[in-house]
Amino acid sequence: MEGDRVAAIGLIDEWALHRAYSRAVTEILEPVLHEFGEQWYRGEELSLSHGYIAGKVAQYLMEKSLHEQKKNNSAPRKKKGVLVIGNIEDDYHSLGRMMLRRFLEISGWHVHDLGNDVLAEEFVDKALEVGARVIGVSAMMYTNALNIRKLRREIDGRGLKGRLQLAVGGAIFISRPGLVREVGGDGTAINAFKSVELMERLWHKSTLQGELP
């Protein structure tokens with residue numbers, strides 16, 4: 001918040017020296033980003049420069065954490081399925097999605113990242129094209145999260161309910177747990193680590209429903 005990226009990174013390095021960068025993700029980064037999102041939602045004094053610095057610090061910590069995981073898990077991971085992720089229509093908060101993608105990739109998933117401001121039909125078209133059984137969609141603000149209902153209707157309208165699972169995420173789903181059901185999500189996770197478990201569960205659930213067209 002003071003705009004000192006170097007000092008923030010120094011604090012993280014000092015903390016992780018006697019613990020681990022992976023713990024710093026869950027015990028430092030995620031609570032801070034959650035509070036950042038809450039302040040943004042409340043309309044408090046936050047600027048785009050605050051978001052830029054937060055993103056750079058988060059990116060540094062994520063790279064350190066992923067390097068740490070690769071070092072501790074030298075054995076190659078078994079390849080899993082294909083996933084499609086992106087930010088829903090009108091949402092441009094990409095940091096959480098980028099964190100998600102990196103954790104999924106290192107866990108063995110093949111991830112198609114559609115980026116920001118993705119329309120409902122684009123999600124479904126891509127999932128069918130690449131054979132994905134799960135779509136992961138992100139939104140930070142409540143008003144943008146409501147656009148996920150369009151994706152729910154798109155999935156159901158094509159007769160894909162159950163076979164194409166919908167994972168939802170973003171700061172707003174932590175502060176408003178009932179929003180998952182409101183937008184028609186099949187599940188959510190409180191952080192990037194838990195999202196790996198969520199994707200595996202939803203993939204298995206989809207498989208039980210039968211083959212995709």
Side-chain angles (χ1 to χ4, degrees), residues 37 40-41 48 51 55 79-192 194-213:
W40 189 288
Y41 181 70
L48 291 177
K79 286 297 180 181
K80 300 177 182 177
V82 182
L83 304 172
V84 170
I85 67 171
N87 286 59
I88 196 60
E89 178 183 354
D90 293 332
D91 193 281
Y92 296 89
H93 300 91
S94 59
L95 178 59
R97 190 194 77 249
M98 293 167 61
M99 292 170 60
L100 171 65
R101 183 187 71 216
R102 287 172 178 167
F103 270 95
L104 291 173
E105 288 175 341
I106 200 172
S107 298
W109 292 95
H110 183 185
V111 182
H112 289 267
D113 186 349
L114 302 185
N116 297 326
D117 187 29
V118 183
L119 299 177
E121 54 268 27
E122 294 175 332
F123 275 112
V124 179
D125 287 345
K126 191 63 177 180
L128 293 176
E129 175 191 338
V130 300
R133 289 184 169 272
V134 183
I135 293 175
V137 59
S138 176
M140 182 175 180
M141 311 295 288
Y142 176 73
T143 52
N144 294 340
L146 293 180
N147 285 330
I148 298 175
R149 294 182 297 188
K150 299 178 183 178
L151 180 51
R152 177 77 270 167
R153 290 195 294 268
E154 185 74 17
I155 292 172
D156 295 351
R158 298 200 198 186
L160 299 172
K161 183 177 182 179
R163 290 184 291 172
L164 187 54
Q165 296 286 308
L166 178 58
V168 298
I172 190 63
F173 291 98
I174 299 175
S175 58
R176 302 182 66 154
L179 186 58
V180 178
R181 177 174 293 182
E182 183 179 347
V183 301
D186 293 310
T188 190
I190 61 173
N191 56 47
K194 292 295 183 180
S195 67
V196 175
E197 300 175 11
L198 172 66
M199 293 301 184
E200 291 178 352
R201 177 168 58 83
L202 293 181
W203 183 276
H204 178 68
K205 186 177 179 181
S206 167
T207 303
L208 295 178
Q209 299 293 323
E211 293 297 322
L212 289 167

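- The minimum heavy-atom distance linking E105 with V111 is given by the pair CG-CG2, 3.9 Å.
- Counting all heavy atoms, side chain and backbone alike, I172 lies closest to A139 at CG2-O, 3.7 Å.
- For the pair V84 and E129, the minimum side-chain heavy-atom distance is 4.5 Å or more.
- Side chains of Y92 and D117: a donor on one and an acceptor on the other come within 3.5 Å.
- The shortest side-chain heavy-atom distance between R201 and L198 falls under the 4.5 Å cut-off.
- Considering all non-hydrogen atoms of both residues, D91 and H93 come closest at OD1-N, 3.1 Å.
- Put simply, the residue from R133, K205, K80 that forms a salt bridge (charged side-chain N to carboxylate O under 4.0 Å, His left out) with E200 is K80.
- To the nearest 0.5 Å, the span separating CD on E122 from CG on D125 amounts to 8.0 Å.
- Nearest heavy atoms, V183 versus R152: O-CB, 3.7 Å.
- Side-chain atoms of N147 do not come within 3.5 Å of backbone N or O of I88 as any donor-acceptor pair.
- Residues K126 and V130 meet the side-chain proximity criterion, which asks for heavy atoms closer than 4.5 Å.
- Heavy atoms only, all atoms of each residue included: M199 and G136 are closest at CE-CA, 4.0 Å.
- When side chains are defined from C-beta on, K150 does not count as touching F123, because their heavy atoms never get closer than 4.5 Å.
- Here the CD atom belonging to E154 is positioned 5.5 Å from the CD atom belonging to E121, to the nearest 0.5 angstrom.
- The distance from the CG atom of L83 to the CD atom of Q165 is 12.0 Å, given to the nearest 0.5 Å.
- Atoms CG and CG, from D113 and L104 in turn, are 10.0 Å apart once rounded to the nearest 0.5 Å.
- A donor-acceptor pair under 3.5 Å is formed between the side chain of R149 and the backbone N or O of L146.
- Atom CG in L179 sits 12.0 Å away from atom CZ in R181 (nearest 0.5 Å).
- Taking the side chain as every heavy atom from C-beta outward, R158 and L128 approach each other to under 4.5 Å.
- Between the side chain of S138 and the backbone N or O of G170, no donor-acceptor pair lies under 3.5 Å.
- A distance of 12.0 Å separates CG in L166 from CG in L160, rounded to the nearest 0.5 Å.
- The two residues A132 and L164 come nearest to each other via the heavy atoms O-CD1, 3.5 Å.
- In this structure a side-chain-to-backbone donor-acceptor pair under 3.5 Å is missing from S206 to L202.
- Side-chain atoms of W109 and I85, non-hydrogen and from C-beta on, never get closer than 4.5 Å to each other.
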